[in-house]
Student: 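Dropping the structure in here first, questions after.
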Amino acid sequence: MARSGRSGTAGKKPASGRAGRFLVGGPGRRTSLMRVSVLGLVPALALGVAIGGFTQIRADEPLILHAVAADTQFTLSGHGNGHGRGMGQWGAYGYAKNDGWSGERILSHYYGGTVLDSMPPAQMSVRLTAQDNSTLDVYSDAGLVVNGQRTAPGEAAHLTALPGGGAQVVVTSGCGGGVVWEAVTDHPWVDPVDLSPDRPADQFLKLCDNDAPYRGALGVVLDNGSARTVNLLDVEDYLLGVVPVEAKAEWADSGGAEALRAQAVAARSYAATEHRSSYADTCDTQDCQVYGGAGKEDPRTTEAVRSTAGAVLSRDGKIVATEFSSSTGGYSSGGEFPAVEDLGDALSPNHDWTVNLTAGQIADAFGVGELQSLKILSRNGFGTDGGRVTAVEVVGTGATVGATGIQFRQKLGLKSDWFTIGDGAGVVVAPDSESTVPESNSPSEDPSGTVTETQIEKKYRELGGETGTLGAPVGPEMQLPSEAGTFRVYENGTIIWTKVLGAQVVDANVLREWIPTGGS
């Protein structure tokens, strides 16, 4: 997966008016819960109005927000895997396999506004992140060159970066043998016996700890005091270790060879624009584009690289950073390149996906206390359900946090930022011994069929009745607007019942923040 910190938003479609919204007043409810605007919820004398007066209901606002149980589950259904910018790798495979598209046609589809171009031979410097904070310990079957001296086959060079750009060199007999010679050098590089590109495997440099082979040279440098290892090699050699780990070589066996050719051009163009640091153009992880060295090479992807040698994409005479991701989910996300429908992505194993998250996981990820509300505020407008999420609001008992869809994806480990919160969300089923929220506030019956009490009456009794904290009733049970539930007012508070909340006590002072004290 190629990712760039330079990717801009030029040409990006404005946020769509098709924004989705999901209020967590309770699980499994896509429609907004109604705001309770009932004048009769608090004692009449305190408000100076008659009990039973109602105001206009606003359906786009939530019921009085209560924390959602931490184990409440929400089902997120999404599309694609990755950022979705530029080419979708599974989509490229689908177009090659099912529609017979050439690599050139695949590239023109995903990278609108670019043209096929060429670049001269060049070198690439790659930070090998797994070697961070380590010495460089390396050998070669054909021998190597360090500090201007050629070693015997199998002898190992050990380099420790020094301040000022040099290195301490120790050459040993094998990786763990005795010292042959040592020196301090101002050229902190280990070179193969022949620095030309496309050398045979016996000339590759190999790391002592895992025998991982690399084409080109390996060197060390200090980055703010921390040791770094860098692989310097020809761009075409570099791509031989990129394409097989960014795409699937086996696609060539099932009609997808042209997708690999498209991948080679995209990877070359992306690499040509990389200048990450003063000591390395790029890195070897998906923060840049994945590079596995010579040990990951495959004849099928090697053919894709060599058949497109030097080919890049450009715009206005400049090579462009051709980002790509595993699966667009059916529509690329736009940005530097126009968003396009991606029918080829139907083959992707991540074209559609589903994940379940608890309210506790969501709340913890954003540090909002107990979760109260989750709102999808806007989408990019490309694809089903309004496309990728561009803005989210997470509300909890301790804080309200706004996030982009990308941030939401990253914090919760989602495969993409194109998702919906489905109707399948629900409370985790409680054991039979635990109470559940009754579906109705109608009077209950005992085994003999005798009517006993409503849920509000039951709650009132559990709290001590007239001798409890609520005091005596002020009026009868009454229905909330649009039959959303029922309520009853007492001297020192109110009990509300809804299918979502069950029977809950709400203090009058809290209600005054939600209930207007006058008006029509």
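We use all heavy atoms of the structure for the numbers below, so side chains are in, but hydrogens, waters and symmetry mates are not. Since this is a predicted model, take the numbers as computed values, not measurements. In this chain, residues are counted from 1 in sequence order.
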Student: By the definition side chain to side chain donor-acceptor pair (under 3.5 Å), identify the one residue from D284, N231, D132 that meets it with R127.
Tutor: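 With R127 as partner, side chain to side chain donor-acceptor pair (under 3.5 Å) holds for just one option, D132.
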Student: Looking at E393 and L377, what are the two nearest heavy atoms and their distance?
Tutor: CB-CD1, 4.0 Å
Student: Please check if any side-chain donor atom of T285 sits under 3.5 Å from a side-chain acceptor atom of T129, or the reverse.
Tutor: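 Absent: no donor and acceptor within the cut-off.
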Student: Quick one, M124 with T282, criterion side chain to side chain contact (heavy atoms under 4.5 Å, CB included). Give me CA distance, side-chain angles, the key distance, then yes/no.
Tutor: CA-CA 8 Å; M124 193 79 188; T282 191; 3.4 Å; yes
Student: Please work out which of the three classes, parallel, tilted or perpendicular, describes the rings of Y93 and W90, given edges at 30° and 60°.
Tutor: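 Ring orientation, 0 to 90° scale: perpendicular.
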Student: Salt-bridge test for R215 and D234: reply yes if a basic N is under 4.0 Å from a carboxylate O, no otherwise.
Tutor: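 Salt bridge between R215 and D234, a charged N being under 4.0 Å from a carboxylate O: no.
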Student: Report the C-alpha separation of R315 and F337 in whole Å, then their side-chain angles, then the decisive distance to 0.1 Å, and conclude whether the side chain to side chain contact (heavy atoms under 4.5 Å, CB included) test is met.
Tutor: CA-CA 11 Å; R315 180 192 294 134; F337 309 100; 3.4 Å; yes
Student: Between L313 and S269, which heavy-atom pair has the shortest distance, and what is it?
Tutor: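 What the structure gives for the nearest pair is N-OG, 2.8 Å.
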Student: Just one of T172, V170, V169 clears the side-chain contact (heavy atoms from CB on, under 4.5 Å) bar with W181, so which one?
Tutor: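 That would be V169; it is the only one of T172, V170, V169 passing the side-chain contact (heavy atoms from CB on, under 4.5 Å) with W181.
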Student: Might you confirm whether atom CG of D316 has over 12 heavy atoms from other residues, nucleotides or ligands at distances under 6.0 Å?
Tutor: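 Open: at most 12 neighbouring heavy atoms sit under 6.0 Å from CG of D316.
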Student: What's the shortest heavy-atom distance between S125 and V230, and which atoms?
Tutor: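 Minimum heavy-atom contact is CB-CG1, 3.9 Å.
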Student: Quick check on N133: does its CG atom have over 12 non-hydrogen neighbours (other residues, nucleotides or ligands) under 6.0 Å away?
Tutor: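 Yes, enclosed.
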Student: Mind listing the closest non-hydrogen atom pair of Q168 and V184 along with its distance?
Tutor: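 Smallest heavy-atom distance, with atoms named: OE1-CG2, 3.3 Å.
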Student: If you compare all heavy atoms of L207 against all heavy atoms of L136, which two are closest, and at what distance to 0.1 Å?
Tutor: CD2-CD1, 4.0 Å
Student: Before accepting this row, confirm whether a basic side-chain N of the pair E236/R306 lies closer than 4.0 Å to the acidic partner's carboxylate O.
Tutor: no
